[in-house]
Structure formats: C-alpha cells, structure tokens
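One structure is given below, encoded as structure tokens.
These numbers were taken from a predicted model, which means no experiment stands behind them. All values below were derived from every heavy atom in this structure, side-chain atoms included, with hydrogens, water molecules and symmetry-related copies excluded. Below, read A as the first sequence line, B as the second, and so on, with proteins coming before strands; counting in each chain starts at 1.
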Amino acid sequence: MIKEFIQGLSITAKHLLPGNSTTVEYPKVKLEASERFRGLHRLVPAHNREKCVACYLCPTVCPAKCITVEAGEDENGVKYPTVYQIDMLRCIFCGYCVEACPVEAIEMTGEYELANYKREDFCFTKERLLK
Amino acid sequence: MPEMLSLSNDPILFVTVMLAKILAVFIVVILIVAYATYAERKIIGRMQTRLGPTMTGPLGLLQPIADGLKLFFKEDIIPAQASKFAFVLAPMMILVPAFITIAVVPFGGNVVVGGYTVPLQIADLNVGILYILAMAGLGVYGIVLAGWASNNKYSLLGGVRSAAQMISYELAAGLSIISVFMLSETLSLRGIVEAQAGGITDWYIFSQPLAFCLFVITSLAEVNRTPFDLPEAETELVSGFCTEYSSMKYALFFMAEYANMVVISAVTATLFLGGPAGPFPGAINLLLKIFFFMFVFIWIRATFPRVKYNQLMYMGWKIFLPLALLNIVITGAVVVF
C-alpha cells in the first residue's frame, strides 16, 4: 500500500517539473492549424480579378446552401461572378465547394477565429473572400 | 540574561511589545493564507499539467487579491429558514480558533528590548499542547454550527460527518503527541523546542517517527483537508457545511481552512522538527518548515482521492488509535528502562 502511495506522489511530482504543462495560453499563443484544416474560404485571385468563372457548381453542391453566386460577363465576354457571397452562419465547412470547383478558384484557409458581433458581419462578400 | 519582561515590571512596554508580536504574527499568517491559495492553484495546476492562474498580474500573483475583492462584493445571502444568529456566528467560530492556536508557537529565541528579555512567542503557556488540542476541538463547533444553522440536509450531513471525524481523529492526534511530551517532560511548546535544541539529531522526528507520521495524518483529518475532506465533499454533499454560505462568510471558511493548515504545519514543525532551530536566523527556519508542510499537503491533495466514510472510520479507530497507543507503550518502556 505504501508503495502505491509513493508511486502516486512521484507521478504528480514528475508533472510538477517545468516543461510538463500541456496548456497553450490561447489568445497569446496559437497552435498552427493543420494543412488540411478547413477554415474560412478564400477566393483565389488571377491576374486582375478572381479566378472564378461563375459556373454555379459550388452553390449546387453546397449541402448547407450558403453560397450565393450571380454570373455576369465582362467586355471580353468572359463569365465572372458579379456577386459571390458565403453565409458563414450556415456554412458547415465541409469543403465540397473546393472539391467541386473546376478551376480551383476557391480554397480553404486555416483561419478559424470567425466570431463576430452582428449577423451581417458573418456574410462574407466577394471582396472579403478575396483578401 | 536580563529580567523577563512582564506586566508587573514595565506594563506599557509589555503591552506594546505584545501588540507588535501579535500584529506581526497575524500579518504573516494572513499573507501565508492568501498566497497558500495561489500556491495551491499553481502547484495543483502544474501537477495536473495545467498552468494555474496566469492572467491577474505578473504570473497571476494578484489572484488572491482579486478573489478576495470579488467575494467581498458578492451579495451576502442568508437563507430565509436559516437560524440567523448561528449562521452568522459559525464562520467566526471556525476562523478564530484557527488563528489563535498560532499564539503558543515559538518563532525564535529571546531578544532584549529596553533592558528586558522578550521571548519570541506570543504566549508561553505551560499547558501549550493542551491549548492546541482544545482549540482544534473548538474549530469543529464552527462546522457543526454552520451545518445545522443552514437548515439544509447536505450541510447538516457535512456538519455531522465533521463531528464524527473530529472525535475519531482527535484521539489519535492527542495520543501521538503524548509520546512527545513523555520525552520532553513539559507541555510548554517553548520547553519542547528547548528539549530539541541540541542539534538536528535531537529533533523528535528521529526519536518519534511513528508519532510524527500519525500526527501529520490525523491533523490532516482534523482540519478536513483532502484526502479527509468528507464534511465538504463536493461530489456527494455539494460542499457540505458551506453550501448555503456566500460572499465574505464563505471566504472566512476558506481562510479558516488555510489558517488551519498553517497552524498544523507550525505545530508539527515545533513538536517534531525543533521549531525555529536551523541554519537561518530565527523565524525563517520555522517559515521554511511551514512552507514545506504546506507543500506536502498540497501535493497530497493533488495526488490522492478522498477516502470513503467507512475507510475513514476504519483508519481512525482500527489503525491510528492502536498505533498511537502502541507508540506510547514503547516510548514509556524506553523512558523507564
């Protein structure tokens, strides 16, 4: 019995030694997100605007129906999205939009601090997604 | 050595010196109590691979002050069905015995003040050990009163448990001390310190190792400290006797718990480790010994789960009490022959 008591005490004493704490002091220290982490979306820019060709595959595949796309044509007759919005309150971060995209115009970043004060702030427009 | 300072030869100086000693000891104990909570949270945190408080001030050092302020500004609730007088009295009943026990602990040798000898001890009672046991016994009234006055079945259970635990462990604690003053032949704590003054080998921890272990464990049970904290068992009694307490009254219970820890550390250091004897000047040795015991108590809390009620009673009556008696018999035999 005494042996077990000492064993227990030695375990806690071992943990007391510096360098054994597993806590990350979150707001001060942040862990690096994994490469495959699915965080905030990002629209990939091409030369002068986004790569997206407004093919509607992403809003079609989206299970949460959170993507709004409206197509338009520029002066060269190239299709581009006039509106591209993602409602982050509905998004489930499944990554299907990234898989569906034929031109790799959308990707997911490691950004996960998405809390905000107003509902409107969760609506990510094209400009915000291009950043 | 000049004459001992007393009320008859210089009353004004005597009162001044007395007040100074009381104030100094009180402040030191209050500070230890405040920072024991911090140390406990830090050490237990580290032992559980957490960090403990870090945000309040550098390294979280202002945490005890923040906690105190928070509790001070909380609403003070007295339940409608509670017995008001006893409810208010209980926290004081538990805190006062905890603090006044420290009065008989010597924290140094003699100093000369204004041509008189002044002992570094608040009161050198010739019944010092009896006084400690009496105050330890008084402390339980606070818990029983708190449990009863709250008019809450969990609190009452906590109070009743506390009384039962006290009776079982007070006996073993008292009996384990008996073997110490069989060797020192005095009940005065100053006398006991002087009996151990010869050097480290004269400390009673070496001649009375069994009594030392028994006293530390049973004192732990007497002050309701883990692993013997059944009166306030959070999981079964929703913190027992202090369920209904809030605000500063709750803080008083907490202060009493830590003050009790300081007191039993000081008493153990005095009885078994030669009190203020050691390599450093005077009181620092005693403080270091107190800190050592406090650390051990925190360490024990971080390691061991609470004992069951039947285990508690079994240990008290069937292990510690017979061992304490056996220790007395052996000590008596050695002293006589």
So how far is it from [X] [atom1] to [Y] [atom2], rounded to the nearest 0.5 Å?
X	Y	atom1	atom2	result
B/R46	A/T23	CZ	OG1	8.5 Å
B/Q48	A/H15	CD	NE2	10.0 Å
B/M47	A/K14	CE	NZ	12.5 Å
B/R50	A/N20	CZ	CG	14.0 Å
B/I44	A/L16	CD1	CG	11.0 Å
A/T12	B/I300	OG1	CD1	10.0 Å

[X] [atom1]: over 12 foreign heavy atoms closer than 6.0 Å:
X	atom1	answer
A/R49	CZ	yes
A/E32	CD	no
A/F93	CZ	yes
A/E104	CD	no
A/Y26	OH	yes
B/F292	CZ	no

B/F304 to A/L9 - nearest heavy-atom pair and separation: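 For B/F304 and A/L9, the tightest heavy-atom pair comes out as CZ-CG, 3.8 Å.
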So, B/T49 and A/S21: side-chain donor and acceptor under 3.5 Å apart, yes or no? no
